[in-house]
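These notes are about the structure you will find just below.
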Amino acid sequence: MVHILENGEHFRADNREPEPEPEGFGSGFSINDHLDLLIEVLKRLDGRSLGAAACVCRQWCAIARNDSLWEHLCFRHVSPPPVGVRPVVSALGGYRRLYMVCVRPVLSRLKRRRLGGESEVVRRVWNQHEVELSLSLFCVEYYERLLVGGGRVAGDSPSSSLKFLCMPVNV
Amino acid sequence: MEHLSYVKPLYAPFLCFTHHSFSLYSLSISISPHISTSIHNIFIFSYSYSPSTHPHFYMGPTPYNSSNSSSSACSSSTKPPPPQPPDQMDHLLAGAGYKVRSNDLTQVAERLEHLETVMVKSSPVDISDIGNDAVYYNPTDLASWVDSLLTELNPNVSGSGSGSGSGSGSGFVSGSGPAYVSDPVMNDMNNVYGEFGQQVVTPIEEDVSIRLVHVLMTCAEAVQRGDMSLAGLLIDDLQGLLGRVNSGCGIGKVGSFFVDALSRRVVNSPQNGVVQVDLSAYENEILYHHYYEACPYLKFAHFTANQAILEAFDGQDCVHVIDFNLMQGLQWPALIQALALRPGGPPLLRLTGIGPPSLDGRDSLREIGLKLAELARSVNVRFAFRGVAASRLDDVKPWMLQVSPKEAVAVNSIMQLHKLLGPGGPRGPPVDLVLDWIRDLNPRILMVVEQESNHNQPEFLDRFTESLYYYSTMFDSLDACTAQPEKTLAELYIQREICNVVCCEGSARVERHEPLVRWRERLTGAGFAPLHLGSNAFKQARMLLTLFSAEGYSVEENEGCLTLGWHSRPLIAASAWQAIPKPSVVTTGR
């Protein structure tokens, strides 16, 4: 059960033990009845939290798989925002896959280079080149899956040409 | 400070290297664990090295300049030369202007190494002080010079023994085996190298590596002279040395490939080289694919080429790309995607892929074409594919490409043009003919990516030396890079290149790499004008490299061309060209 506390600013999700609804929350507000609000909240999360949110319950999972959320995540900090990208990305496997396979490793690799290894999440603005590079790598990855499988995406692990992104940096 | 291992003017007299005099001399200097630096140090002075680039560290005496090209001591195994009495000044170093007693040599070498590590640890301020007092010390008396510098820089150091000639435990073992000294100095050095995160190589191993390189060179020289019996003996020697060195990485691995190639040449066909066994197209594709994944060279080539082609196609509605070596078409998805996203919408894209005919019934060209078409259809780019099967590039005739006059043509050659530099037919070398018909197609851009090295020299020894240096750098970069499975097959791909350069001759030798300057001459001579690769390509290349885990790669811009290299040694160069239209023939009709 999820509860929104009185000031409405944070929520707690706990899917292990269903908690009894406490007294005093007379209105019985449940976020699950207001999916547009839920989506607004989810839109502002970072990738890891969005992934965690997808593990809450089936309804949340279905919502979190909505590609527009991930589109928002991928290009939230892009300046200027890319135009016309959506049909291409959808054709190549969707924004969620783009994030998992390309954006997240690219960002973390670039950030690590810039900050020299600090691990906190820093809001940074991509530039056009980084976006283009990520999209190109994504396209190459899609093509490799075509070469190998002859079919649509199977699983979330990237094909071999992007393995270099996942590998730990040589110390 | 990060490339300090390459700055060794202090060692200049010890590292002059000549092809012709191998003195098996007793100076073992452990300089740096990386194989390419050991080879680099050996070769560094036969390739114009200027000590003036690092003013802080250059304190050598002027005799160095004059003896730069003359023979001097080489570092090798520890067998003392029989005729020289130990008390006398070493005659080879005397030729370079240094007076060192022969029995002090190991000691002096060790203290030089210690001096180097101390200098590495000290701040630049301390060192520049010394640099200003260059005259104060007398470098000719090398032993005391090193001692005085050491005490100056590091007053706490108690040197390993005092002065010269007292044989203070760092004994010079005459006769058998390398002299390994367990000494606080040596341990200190090993620790310092450990700090730099490089492999710690013991002095013995460094010794064997240097000897390995020397014997390789002697063997190559013997092969060039035609002395196959000596070459055979040396190959046995080499096999023995390979057993003593770590052949999983570094010089051991590269060395084993070169030894293998040399032995094939010596055993099979002494003068005329061997014909390399052809792999099937499928096997070639697998090796190529792993090479693509294991290191960034091909990715750099593809992305740079795509960026240049994209810019050349700006505003065009009908575009035609001709790929001289389609392989699996890994270059083209990125271009298709970039064209799909370009402002103004995608053009009609035609792709003509040239590849070897497949003998096993699979029409691989057509299959790749279908996959690319599927991709293009997904992203809404109008696409047409044509495959041209030809075993050699000069078999392709322009009419096979069916270029229409309305379209913008781009010709893409990734490491293919050098294969045409072999012995030509009656009408001239194949490359000129091919460049001629490319020019006739009037392409908006001709993209040429080639290995940046000179493996096409007429003399075998020069080719051998150059390729040893080039491939050891490449293996260095590969070592720093990737996970296991891709690496082995990528190495196999490189090994085939090495084998071709070393073993084969005549028309069988296709890996005839030439450096960028030669290609520039050739292309301008053939009627092409250079196109500058823009800053977008440069930024993209740099960004691509930051994604790779190894930090030694560097992208440089060289008169409008981009080169990718490992630690300032360029390994692959990408350049773009535009055809100058031929002057039309004016017929005077009368």
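All chains are named by letter (A, B, ...) in the order of the sequence lines, taking the proteins before the strands, and each is independently numbered beginning at 1. What you see is a predicted model; the values in this text were computed from it and never measured.
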Practice prompt. State which residue, out of Glu293(B), Lys371(B), Gln328(B), fulfils the side chain to side chain contact (heavy atoms under 4.5 Å, CB included) condition with Glu144(A).
Written response: Glu293(B)
Separation between [atom1] of [X] and [atom2] of [Y], rounded to the nearest 0.5 Å:
X: Asn536(B); Y: Glu132(A); atom1: CG; atom2: CD; result: 7.5 Å
X: Leu133(A); Y: Arg542(B); atom1: CG; atom2: CZ; result: 13.0 Å
X: His289(B); Y: Leu147(A); atom1: NE2; atom2: CG; result: 7.5 Å
X: Leu146(A); Y: Leu372(B); atom1: CG; atom2: CG; result: 9.0 Å
X: Gln331(B); Y: Tyr143(A); atom1: CD; atom2: OH; result: 11.5 Å
X: Gln307(B); Y: Ser136(A); atom1: CD; atom2: OG; result: 8.5 Å

Practice prompt. Locate the shortest heavy-atom distance separating Ala91(A) from Ser378(B); write the atom from each residue and the value.
Written response: CB-O, 3.0 Å
Fill in: Heavy-atom closest contact (Val85(A) atom, Leu341(B) atom, distance)
CA-CD2, 3.7 Å
Worksheet entry | Heavy-atom neighbours of Arg342(B) CZ exceed 12 at 6.0 Å | yes
Worksheet item: Can you find a heavy atom in the side chain of Val140(A) that is under 4.5 Å from one in the side chain of Tyr292(B)?
Response: yes
Worksheet item: If you count heavy-atom pairs under 4.5 Å between each of Gly329(B), Ala338(B), Pro296(B), Pro333(B) and chain A, which one has the most?
Response: Pro333(B)
Practice prompt. Kindly write out the residues that satisfy ring pair (Phe, Tyr, Trp, His ring centres under 6.0 Å) with Tyr99(A), not counting sequence neighbours, or none if the list is empty.
Written response: Trp70(A)
Worksheet entry | Segment of Leu335(B) engaging chain A (4.5 angstrom heavy-atom cut-off) | neither
